[in-house]
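Labels below follow one simple rule: chain letters A, B, ... track the order of the sequence lines, proteins then strands, and each chain is numbered from 1.
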2 protein chains.
Amino acid sequence: MIRRFRGESLHKVDAKGRVSVPAAFRRVLEEGDPEFTGGSYPNFVVVYGGVRGNCLEGYTISSITKVDKLISKLARFSRDREILERFINTQSTYMQLDENGRIVLSYRLKEKIGIRDEAIFAGMGEKFQIWEPKNYQNEVDALDSAFKNLSEDENPFLKLDQLQDL
Amino acid sequence: MIRRFRGESLHKVDAKGRVSVPAAFRRVLEEGDPEFTGGSYPNFVVVYGGVRGNCLEGYTISSITKVDKLISKLARFSRDREILERFINTQSTYMQLDENGRIVLSYRLKEKIGIRDEAIFAGMGEKFQIWEPKNYQNEVDALDSAFKNLSEDENPFLKLDQLQDL
DNA sequence: TAAAATTCCATGATATCCCATAAAATGGCA
DNA sequence: TGCCATTTTATGGGATATCATGGAATTTTA
């Protein structure tokens, strides 16, 4: 089975910025790090810039490697490549779980997404997101109402099955 | 794992031009120098000419070697090759980290990119850039607005997914 | 030999490691 | 199926190592 990031949970962020990564997510990070062995702790990548400036996004090594390889196919000095590198490499950082399954959010990262002493982790399949709780609730509400306002043929659930037919 | 240059950080440049290279970048430089051993300090290459005259670009030995090989494929006396060699070979220099993980930016280099007493290091995957902070902010803003003004089918993120299909 | 560059040492700040504990989840097993 | 033993999690505190930076001493070089 290829595990995916699923579920949401709330965690304390202590004075040093340490926060536990949900245990279920750790399993996915371990599977997604080719160099992970029982004795070590998995590496992964956190992207903090990009389209959504209000949350952090965590990627396994193998899924970010896929993205990196695609970017490397673009012409070395092209504007497109520059934009993507800026969003995906410049505005990201490697992280490693510590022995207790935690990571450290630097002051800069906390500030970026408005986190003080609590964080919400949300599974998004191939990636997960880290949100400040209030912002997260707003995001959920916004998505909810956006969905309700869609017409029948805009319904993404229905589009899913159309994709399958191709 | 093949580490890539990720993240951005601000560092002081002292009167002698010394500046710390971000610790995370040092690891990449070490991995990218075939001759690096535990006891030594990694060599790498800084390009100061190139497409953008307003920042320096740092390459690991192995990634600059890739670029060199690409250039070598061009016809020996072609204008293209001459131009590229001028930018990548002539306008570049070898550097080595000192024991504290610093490099020295000569007066000439600092002047070239307008640096006084602070520098921003930005990870760009296979290379990293060194910027004067204000110029860097301008560049980021310019990229941001360039990105925002793109039409749907010009979006480099979406182009990535199309690449995936190839 | 004076200026410039390089090496060596010092230090405060930050990040990392290591241990401790309580709560929760898991797993027998009668 | 109810209870206890064991493991896993979530969280905190203190010790230690690394990092960023400055200054002095030494070497190079022009």
For D:dC19, take OP1 and OP2 only and decide whether either is under 4.0 Å from a side-chain N or O of B:Arg27.
yes

Check DNA chain D against residues 4-17 of chain B and give the residues with a non-hydrogen atom under 4.0 Å, in numerical order.
B:His11, B:Lys12, B:Asp14, B:Lys16

Angle class for the B:Phe121/B:His11 ring planes (parallel below 30°, perpendicular above 60°, tilted otherwise)?
perpendicular

If only atom types and distance count, is the side chain of A:Asn100 paired as donor or acceptor with the main-chain N or O of A:Arg102 below 3.5 Å?
no

Taking atom C1' of C:dT14 as reference, at what distance in whole Å does atom CZ of A:Arg18 sit?
13 Å

What is the distance, rounded to the nearest whole Å, between atom CG of A:Asp98 and atom P of D:dT16?
19 Å

Flag if over 12 foreign heavy atoms under 6.0 Å of CD, B:Glu30
yes

If I take atom CD in residue B:Glu99 and atom C1' in nucleotide D:dT26, what distance separates them, rounded to the nearest angstrom?
14 Å

Tell me whether the count of non-hydrogen atoms from other residues, nucleotides or ligands lying under 6.0 Å of CD in B:Glu154 goes above 12.
yes

With A:Gln129, which of A:Glu57, A:Glu8, A:Glu139 fulfils side chain to side chain donor-acceptor pair (under 3.5 Å)?
A:Glu57

How many Å lie between CD1 on A:Ile120 and C1' on D:dA10, as a whole number?
16 Å

How are the rings of B:Phe25 and B:Phe128 set to each other: parallel, tilted or perpendicular (split at 30° and 60°)?
tilted

Kindly indicate, with the supporting measurements, whether the criterion ring pair (Phe, Tyr, Trp, His ring centres under 6.0 Å) is fulfilled by B:Phe36 and B:Phe44.
CA-CA 10 Å; B:Phe36 170 77; B:Phe44 62 103; over 10 Å; no

Please indicate whether B:Leu10 has more than 12 foreign heavy atoms, meaning atoms of other residues, nucleotides or ligands, lying under 6.0 Å from its CG.
yes

Passing option when B:Pro156 is tested against A:Leu74, A:Ile71, A:Leu84 for side-chain contact (heavy atoms from CB on, under 4.5 Å):
A:Leu84

Rounded off to whole Å, could you give me the CZ-to-C1' distance for the B:Phe25 and D:dC19 pair?
15 Å

Out of B:Lys12, B:Lys16, B:Arg18, which one pairs with B:Asp14 under the salt bridge (charged side-chain N to carboxylate O under 4.0 Å, His left out) rule?
B:Arg18

Starting from P on C:dT16, measure out to CG on A:Asn43 and report it in whole angstrom.
12 Å

Closest listed nucleotide, where the reference is the side chain of A:Arg26 and the choices are D:dG23, D:dC19, D:dT9:
D:dT9

Here the residues of residues 100-114 of chain B within 4.0 Å heavy-atom distance, strictly under, of DNA chain D are B:Asn100, B:Arg102

Would you find a donor on one side and an acceptor on the other, under 3.5 Å apart, between the side chain of B:Arg6 and the backbone of A:Tyr94?
no

Bend angle of the helix from C:dT1-D:dA30 to C:dA30-D:dT1, end axes from five pairs each (to 10°)
40°

